[in-house]
2 protein chains.
Amino acid sequence: MKMISGGVCVAQGFKANGIHCGIRHNRTKRDLALIVSDVPAKAAAVYTTNLVKGAPLTVTKNHIADGIAQAIICNSGNANTCNANGIEIAEAMSVLVENATGVKASDVVVASTGVIGQPLSLDPIQKGMPELAAGLSANGGEAAAEAIMTTDTVKKEVAVEFTLGGKTCRMGGIAKGSGMIHPNMATMLVFITTDAAISSQMLHMALSTDVASTFNMTSVDGDTSTNDMVTVLANGLAGNEEITCEGEDFTAFMQALNSITVSLCRSIAGDGEGATKLLECSATGADTLEAARISAKSVICSSLLKSAMFGADANWGRVLCAIGYSGADVDVSKISVKFQSAKGEIEVCRDGAGVPFSEEKAKEILLEKEIEIKLTLGDGPYSATAWGCDLTYDYVKINGDYRT
Amino acid sequence: MKMISGGVCVAQGFKANGIHCGIRHNRTKRDLALIVSDVPAKAAAVYTTNLVKGAPLTVTKNHIADGIAQAIICNSGNANTCNANGIEIAEAMSVLVENATGVKASDVVVASTGVIGQPLSLDPIQKGMPELAAGLSANGGEAAAEAIMTTDTVKKEVAVEFTLGGKTCRMGGIAKGSGMIHPNMATMLVFITTDAAISSQMLHMALSTDVASTFNMTSVDGDTSTNDMVTVLANGLAGNEEITCEGEDFTAFMQALNSITVSLCRSIAGDGEGATKLLECSATGADTLEAARISAKSVICSSLLKSAMFGADANWGRVLCAIGYSGADVDVSKISVKFQSAKGEIEVCRDGAGVPFSEEKAKEILLEKEIEIKLTLGDGPYSATAWGCDLTYDYVKINGDYRT
C-alpha cells in the first residue's frame, strides 16, 4: 500500500466538482460540492450521535438504507439543521442531482455544514446545479474538497493505492473539520471513495470499526456537531473479487481505510479552528482498550492542557489531572508522561510524580508544530491514540463572531 | 434570612488571617490563610472525584473522619499534588498549626491550590506561622479570602444571618475559583463557617445535598481539579438547639447554606479565568431532574457557546447542539430558548426551530455582564440552573503561561 496524491477522484469511475453557487456571500469561496460514481456503489455511513440532527442526515440514512449510493451533494455555509422545512430541502437537493446527472434521487447522499437554524434556500443550489454537473470531471476532487470547507484554512485530501487479489485498488477521501469537532460514534463531514469491490455489509463493518479508533478519537473543541457524517462509496470498478467476509482482503481494505482516516484526523485536528499545533496523544500500557482511549482523549480535550501547548509550557500536571478526571480506570502511581516533537523527546513525569527536566529543552520541543504527548499507563497490553489541537486566541475570535 | 457583609468571621467564635509567607514570589500577594474556631466545630467536607488527588485532601479526610475540626490552613501557589512527600508536608502543616494555636493537629483541615507537581517546601510556611497565628482576628476574614486566591481577580466572600429556634445564627464563606473549574461531586476551595449548632451527620447531609445543585453545576473550563474541596465548620456558638434530624430548622439551615453556595458559584463563574461575562443557564420543564441538570450544564460548558457569548452573538444553534450531545433524554422538538439580561429578554428558538428576532435587540442584551440562557425543555416538573462564563482571549493567555 502506498500514499498517492489526490482525493475523491483517484479511484476509477469517480468524478467531482465544486462551485460557488451563492449560499455564502463571499464569491471567492466555493459552497457546493458534487461527487458522482459512474456506476452505483456500495455505501456505508456513520452519523453524529447528537440528538439534534441535521435534516440531511435523516435523508441520507433513508437513501442508503439499501447499502447503495451513487452521488454525494454537499453545501457549506448553512447546516440545514433546526429548520422546519429541512427534510424537504434536503430531498429537493437530491432531486436536483437526479435531474442534472441521471443518478436516482434515492441514491444521493446529502450533507450540509455551516450555521444552525437559518433556513436554507434551494434557489442558489437550483441555479448552480447545471454548472456544477457540467463541470464534473476526474480532476474535480480538489474543487469538491474546497467547496465543503467552512472555517477550515486548508483543504483536506488524501489517497492511497493498494492491492486486492492482484488488482490495483485506490481509495481517496476529503474532509471538512475546523470547529464543533468532537465526534461521537461518527464525525465531521468526510467523504471517501474507492474502486475496491466490497459488500455493503463488510463496508459498514469496516467503517464502524475504523471510526472508533480514528474520528471518535479526534477533538477540536469538545462540541459534538449536529451534522457529523462519514461516508464511503465503493464502486467495485477495480475488478477485484468482492470482499464478502473477513480475511486477508478485508484486512488489506481496513489498512487502506485506516491510512485515509488517520491522515484526515490529523488534518482536521491540525487545522482545528484557530489551531497553531497538532497534538497527538498516545496512551500505551493500559489494562483495557477503553482506559487507553478515554485517557488519551481526555488529555487532548483539556482546555488547560490545550492552552499550555499553545504557550509551549510543559505543564504536565494538567496531563495527569485530565487522566484523573477522565473516568478511565487507571493506577495514577504508574503513569509516566513524555513530550516529543521533531526537536526530540523529554520525560517529565514518572510513576505519577514529576522528574527533574530541562525547561529549556522542553520549551524547544513544544515550540514545534506537531507535538506528541506520550502516556504510559502501566504494563498492560492496550494502546490508543487521540488527535487534537491547541486552544488559541483565534479559536475564540473565530467563534465569537461566526455568524456575523 | 438576610445577606450581610463579611465572610468566614461573621459567625461567633471564628477568627482568621492571611499573609504572604513566600510560597509565591510576588511579595504583594498573600499566600497562606488560617481560619480558627474558638471551640471544636462539627465539620463536613466534599472532595474532588479526580483520581489524581492532592495530598492535602487525603490528610483532611483523615482529620475530619470523626466529624470534628477546629482550624483550616490553606496555601496558594502550589497544589502539593503529585509530589512524593505530599502527605508528609500536609501533615507537617497541621502540626505547625497545633504548635502556633493549640488546636490539635488532627482537627486541622489542610488545603493547597496552585501548580501541580512541584514539591512544596515547608520552610516559608514554618517561618510565616508565628505571624499568621498572632494576627488571627475577627477582622481577618478578608485577608484569608485574599490568601487563597490564585488567578482569581476578585476575592469571594459572602455571609447570611438566619434564625434557628429563636436564636440568631450566621454563616459565611470564602472561595477560590478561576481555572480548572468543573467540579464533580465536590469543588474548588470553599470554606464556610457558621455558629449554628448541627450534628456532623446532618451537616454532611446538608453539604452533599447542596453541592449537587450548586458547585457541581458550575464550570469554567471543563477541567475537574485535583484539589477541589468544600468544607463547612459549624461551632454551635449561636446557642440554638442542635439540629439532629430533618425538619424546620434543617430546612432553614439548608436555605442559609444554599444562599452562601449559590452566591459563591456565581462569583466563581463570573470571575472564571479570563471571563468577561457570567453565564447562568436555567432549564425548566424537564421530565427528570437529571435531564434539567445535564442540559443546563452542557450549555454552559460548550466552548462554542462560550465564545459566542464573548462575542455577544445570539448563536442559539450552539445551545441546541450542546443540549443534543449532552446525553440528556429530551425531546428536541419541544425545546425553546431565550436570552435575558438587564437589557431585557428575547426568544430565539421555539419548539426546536428558530423564530425571527431582532439581531440588534439580541446584541444589546448579550453585551451585558450577566447573561441568562433560559431553556424550556417541555412541560415536565423539573428544573436546574448552571453557572459558567464566556471563553476569551485572556483564558488562553492566562493558561498559556501559567507556570512561567
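Residue numbering restarts at 1 for every chain, and letters A, B, ... go by the order of the sequence lines.
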Looking at Ser307(A) and Tyr395(B), what are the two nearest heavy atoms and their distance? OG-CE2, 3.6 Å

Counting only heavy atoms not in Lys338(A) (residues, nucleotides, ligands), do more than 12 fall under 6.0 Å from its NZ? no

Under 4.5 Å to a heavy atom of chain B? For Val348(A) that would be neither

Per-residue contact mode, Ala79(A) against chain B (heavy atom under 4.5 angstrom): neither

Between Gly311(B), Cys82(B), Gly354(B), which residue shows the highest count of heavy-atom pairs closer than 4.5 Å to chain A? Cys82(B)

Distance from Ser303(A) atom OG to Lys306(B) atom NZ, nearest 0.5 Å? 7.5 Å

One should read off an interatomic distance between Asn399(B) CG and Leu391(A) CG, to the nearest 0.5 angstrom, of 8.5 Å

Considering non-hydrogen atoms only, spot the tightest contact between Cys321(A) and Ile116(B) and give its length. CB-CD1, 4.2 Å

Step through the shown structure and confirm whether more than 12 heavy atoms of other residues, nucleotides or ligands are within 6.0 Å of CG on Asn85(A). yes

